[in-house]
Amino acid sequence: MRKILNKKFFNRSTVVVAKDLLGKFLVRNIGDKEIAEMIIETEAYDGYKDEASHASKGRTKRTEVMFGDPGNFYIYLCYGMYWMLNIVTREHGYPAAVLIRGIHGANGPGKLTKFLNINNKLNNKHAIKRNGLWFEDRGIKIPDRNIKKTPRIGVVYAGPIWSAKKWRFIINQ
DNA sequence: ACGATGATGAAC
DNA sequence: TTCATCATCGTA
């Protein structure tokens with residue numbers, strides 16, 4: 001079974017999408033090369049009230065993408081060196097996204113974008129084959145008992161309420 | 001424990 | 001136009 005995840009999949013609760021992405025495949029196509037790896041770690045960033053989310057600054061040139069269509073990529077540079085790959089969730093006009101933090105063979109959001117050759121050229125592009133980067137359901141279902149929830153990484157600046165939210169999801173090895 | 005490295009947003 | 005900050009990672 002190979003089903004490409006569509007707009008409908010991403011137009012749902014951000015936390016649910018983040019959890020559901022575990023076990024799905026991130027597929028990268030460049031030329032005649034195709035890499036497909038299972039997603040093992042994600043984080044949810046939901047709404048303008050979430051102080052950990054860039055969208056808490058409101059609509060800016062950068063955050064505009066998060067207000068866009070579900071299934072679009074939100075990609076930005078972090079610490080001057082690493083591209084972060086996010087996928088926009090919820091309906092158009094509501095700012096939310098899921099950060100892809102780990103795939104099989106590349107743990108860490110900066111490492112996986114380097115591994116898959118992802119940069120801001122894909123920012124605000126839709127996750128479809130035509131753009132060379134998309135998501136597939138290959139029939140793997142991760143049972144709840146194998147999913148670990150923890151607070152998000154590197155967001156202490158967001159204050160006690162938002163930094164404590166257990167919106168990071170990892171497959172228990 | 002820390003430095004690399006540059007875009008971003010807010011203050012001035 | 002400056003300035004602090006940062007959804008990280010490799011080296012130590």
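Chain letters run A, B, ... following the sequence lines, proteins first, then strands; residues in each count from 1.
- In DNA chain C, runs of at least 3 stacked Watson-Crick or G-U pairs (N1-N3 plus N6-O4 or O6-N4, or N1-O2 plus O6-N3, all under 3.5 Å) give these stems: B:1-4 with C:8-11, B:6-11 with C:1-6.
- Summarising the geometry of Gly93(A) relative to Arg59(A), their closest heavy-atom pair is CA-NH2, 4.2 Å, with the distance given to 0.1 Å.
- A salt bridge between Arg12(A) and Asp20(A) is present, with a side-chain N of the basic residue lying under 4.0 Å from a carboxylate O of the acidic one.
- Across all strands, Arg62(A) comes closer than 4.0 Å only to sugar-phosphate atoms, never to a base (heavy-atom distances).
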Would you list the protein and nucleotides 10-12 of chain B atom pairs, both N or O, that sit under 3.5 Å from each other?
none

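- Scanning residues 104-118 of chain A for heavy-atom distances under 4.0 Å to DNA chain B yields an empty list.
- Distance OH (Tyr157(A)) to P (dG9(B)): 12 Å, rounded to an integer number of Å.
- Under a hydrophobic clustering in which Ile, Leu, Val, Met, Phe, Trp and Tyr are joined whenever their side-chain heavy atoms come within less than 4.5 Å, directly or via other members, Ile30(A) and Phe115(A) fall into different clusters.
- Residues from residues 79-89 of chain A lying near DNA chain C, meaning a heavy-atom separation below 4.0 Å, are Tyr79(A), Tyr82(A), Met84(A), Asn86(A) in numerical order.
- Under the 4.5 Å side-chain heavy-atom criterion for Ile, Leu, Val, Met, Phe, Trp and Tyr, Phe73(A) and Leu21(A) are members of the same hydrophobic cluster.
- Linking ILVMFWY side-chain heavy atoms closer than 4.5 Å, directly or via other members, places Met84(A) and Leu122(A) in two distinct hydrophobic clusters.
- Listed by chain and number, the residues in a salt bridge (charged side-chain N to carboxylate O under 4.0 Å, His left out) with Asp137(A) amount to none (sequence neighbours excluded).
- Under the 4.0 Å criterion applied to side-chain N and carboxylate O atoms, Glu43(A) and Arg152(A) are not assigned as salt-bridge partners.
- If you chain together hydrophobic residues whose side chains sit under 4.5 Å apart, Ile128(A) and Leu5(A) never meet in one group.
- Here the closest heavy-atom approach between residue Phe10(A) and residue Val88(A) is recorded as CB-O, 3.6 Å.
- When heavy atoms are screened at a 4.0 angstrom cut-off, Leu99(A) is found touching base atoms of the nucleic acid.
- When DNA chain C is scanned in the 5' to 3' direction for atoms under 4.0 Å from non-hydrogen atoms of chain A, the outermost contacting nucleotides are dC6(C) to dG10(C).
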